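Taking it in order: structure first as structure tokens, then the write-up.
These numbers were taken from a predicted model, which means no experiment stands behind them. Quick note on labels: first sequence line is chain A, next is B, and so on, each numbered from 1.
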Number of protein chains: 2
Amino acid sequence: MYEGVVQDLIDELGRLPGIGPKSAQRIAFHLLGSDPADIARLQEVLGKVREGVRFCEVCGNVSENQRCRICSDPRRDVSLICVVEEPKDVLAVERTREFRGRYHVLGGALDPLSGVGPDQLRIKELLARIGSDDVSEVIIATDPNTEGEATATYLVRMLKDFPGLTVTRLASGLPMGGDLEFADELTLGRALSGRRAL
Amino acid sequence: MYEGVVQDLIDELGRLPGIGPKSAQRIAFHLLGSDPADIARLQEVLGKVREGVRFCEVCGNVSENQRCRICSDPRRDVSLICVVEEPKDVLAVERTREFRGRYHVLGGALDPLSGVGPDQLRIKELLARIGSDDVSEVIIATDPNTEGEATATYLVRMLKDFPGLTVTRLASGLPMGGDLEFADELTLGRALSGRRAL
């Protein structure tokens with residue numbers, strides 16, 4: 001549609017997730033009118049990403065140093081590990097301000113059809129951590145979908161041999177602020193079977 | 001929120017128009033998992049944009065060569081010029097497949113409050129073109145908003161001294177497929193005053 005570099009830029013931007021042809025065009029023309037220094041900064045950070053991002057050697061979260069901020073914080077409870085799929089899940093749990101332990105980022109969930117088996121996830125590293133640190137509880141916080149549930153089931157099986165270790169799973173049920181009438185059957189079913197005595 | 005390069009990338013992406021914090025995060029994690037060659041391509045095209053994009057020496061549209069595809073197409077009618085604000089407007093008019101003349105891209109619209117006066121637009125170049133080529137009609141296709149209307153009015157004043165030159169403006173009125181009931185007063189007013197005999 002356009003010629004030369006502009007069309008190349010629109011094409012490249014359009015390959016990014018959530019950016020359609022119209023947004024790609026808008027961003028491209030924004031960049032055409034941008035300060036070259038701004039473009040240079042974006043280029044530079046892309047270069048750093050290309051060279052490889054560092055991950056925390058303990059939990060596998062993205063990190064600036066060998067250990068991430070959470071794993072190097074001495075106020076964090078070492079005996080408590082929250083297992084999540086992705087770095088963004090760490091952020092979600094952190095936002096609750098209810099968790100004072102550490103994390104373990106698996107790097108995904110079991111999904112054999114996409115070629116993700118136990119060896120593609122950081123499960124070995126989790127078992128090693130539990131073996132060496134004095135861990136008393138592992139909270140499995142994988143997503144409440146097919147892959148996340150399968151991963152949770154697999155982890156429970158791997159963790160049941162550690163003596164004195166409690167393995168828990170995030171509660172499933174009605175979302176707060178939600179409407180009972182609009183809850184799907186599966187969620188309402190989970191809420192029923194997980195009901196608590198008051 | 002995140003550490004190191006990942007947060008830098010999210011920040012840079014979040015500065016682009018139409019990309020909020022959630023999208024920036026999604027794109028950043030997509031790039032983290034991308035083939036380095038894909039990132040390199042994006043980097044490279046940004047570099048080319050930073051070095052400067054070429055514009056057609058005749059019409060001012062973005063171009064790969066000295067002259068854009070439209071201006072170097074001998075089948076295009078040289079006597080007809082459609083004046084638009086931005087390169088994306090050229091594309092919009094081209095999509096109608098109703099226009100066989102050439103374009104003139106002003107590079108914006110008059111907007112004194114933002115410091116855009118006649119000298120910031122490619123108006124001198126338009127007058128030179130009309131003086132040298134044998135132009136019989138100039139269609140003013142600036143946006144139907146305050147700035148676009150002001151630009152159109154200014155252009156009409158500049159062009160009225162060319163002998164034998166017809167100056168026209170795109171029709172304003174109800175959009176096709178629209179609903180009369182939901183048309184704003186201004187649009188319906190324009191549609192009324194611009195009514196045609198059948």
Side-chain angles (χ1 to χ4, degrees), chain A residues 1-13 15-20 22-54 56 61-65 68-70 86-88 90-91 94-95 107-108, chain B residues 1-13 15-20 22-54 56 61-65 68-70 86-88 90-91 94-95 107-108:
Chain A
M1 306 235 278
Y2 291 98
E3 293 181 37
V5 181
V6 179
Q7 188 60 48
D8 293 345
L9 181 59
I10 293 174
D11 289 344
E12 288 301 327
L13 291 170
R15 265 189 258 281
L16 300 175
I19 297 190
K22 286 263 172 188
S23 314
Q25 188 179 307
R26 190 147 62 111
I27 295 170
F29 280 104
H30 168 87
L31 287 170
L32 286 187
S34 287
D35 185 353
D38 289 344
I39 302 177
R41 268 211 319 281
L42 179 55
Q43 259 188 302
E44 195 189 313
V45 73
L46 284 170
K48 284 190 189 149
V49 167
R50 195 155 60 97
E51 284 163 21
V53 166
R54 263 177 118 152
C56 171
N61 194 359
V62 288
S63 171
E64 199 155 13
N65 305 305
C68 73
R69 277 197 293 255
I70 294 171
E86 302 285 355
K88 51 180 175 273
V90 170
L91 225 70
E94 281 295 284
R95 274 197 295 266
Chain B
M1 305 235 278
Y2 290 97
E3 295 181 35
V5 180
V6 179
Q7 189 59 49
D8 293 347
L9 181 59
I10 294 174
D11 290 344
E12 288 301 327
L13 290 170
R15 265 189 259 281
L16 300 175
I19 297 191
K22 287 264 171 187
S23 313
Q25 188 179 306
R26 191 147 61 111
I27 296 170
F29 279 103
H30 168 87
L31 287 170
L32 286 187
S34 287
D35 185 355
D38 289 344
I39 303 177
R41 270 209 319 281
L42 179 55
Q43 259 188 303
E44 196 190 314
V45 74
L46 285 170
K48 284 190 189 147
V49 167
R50 194 156 61 97
E51 283 162 20
V53 166
R54 263 176 119 154
C56 172
N61 195 359
V62 288
S63 172
E64 199 156 12
N65 305 305
C68 73
R69 277 197 293 254
I70 294 171
E86 303 285 355
K88 53 180 174 270
V90 171
L91 224 69
E94 281 296 283
R95 273 197 294 264

Considering only heavy atoms and a distance below 4.5 Å, find which of E64(B), R95(B), Q43(B), H30(B) pairs most often with chain A.
Q43(B)
Engaged part of R54(A) at the chain B interface, taking heavy atoms whose separation is under 4.5 Å
neither
Please answer whether the main-chain N or O of S63(A) pairs with a side-chain N or O of E3(B) as donor and acceptor at a distance below 3.5 Å.
no
Just give me the residue among L42(A), L31(A), L46(A) that pairs up with chain B most often, heavy atom to heavy atom, under 4.5 Å.
L46(A)
Under 4.5 Å from a heavy atom of chain B, the part of A40(A) involved:
both
Does any backbone or side-chain atom of D11(A) lie under 4.5 Å from a heavy atom of chain B? Answer side chain, backbone, both or neither.
neither
Could you check which of L32(B), N65(B), I19(B) has the highest count of heavy-atom pairs closer than 4.5 Å to chain A?
L32(B)
Count the heavy-atom pairs under 4.5 Å between each of G18(A), S23(A), P87(A) and chain B, then report the option with the highest count.
P87(A)
With a 4.5 angstrom heavy-atom cut-off, which part of Q25(B) approaches chain A: side chain, backbone, both or neither?
side chain
Under 4.5 Å from any heavy atom of chain B, what part of V53(A) do you find: side chain, backbone, both or neither?
side chain
Report the distance from atom CG of N61(A) to atom NZ of K88(A), rounding to the nearest 0.5 Å.
11.5 Å
With only heavy atoms counted, which part of C56(A) is less than 4.5 Å from chain B, the side chain, the backbone, both or neither?
neither
Contact winner vs chain A - V6(B), I27(B), L13(B), heavy-atom pairs under 4.5 Å
I27(B)
Where is the tightest heavy-atom contact between D38(B) and E12(A), given as atom of each residue plus distance?
O-OE1, 4.2 Å
Residues E44(A), R41(A); criterion salt bridge (charged side-chain N to carboxylate O under 4.0 Å, His left out); working and verdict:
CA-CA 5 Å; E44(A) 195 189 313; R41(A) 268 211 319 281; over 6 Å; no
So that I can tick it off, tell me whether E51(A) and K48(A) are bridged by a salt bridge, with the cut-off set at under 4.0 angstrom between side-chain N and carboxylate O.
no
Tell me the closest heavy-atom pair linking Y2(A) and Q7(A), and the distance in Å.
N-OE1, 2.8 Å
Please determine, among D35(A), L9(A), L16(A), L91(A), the option with the most heavy-atom pairs under 4.5 Å with chain B.
L91(A)
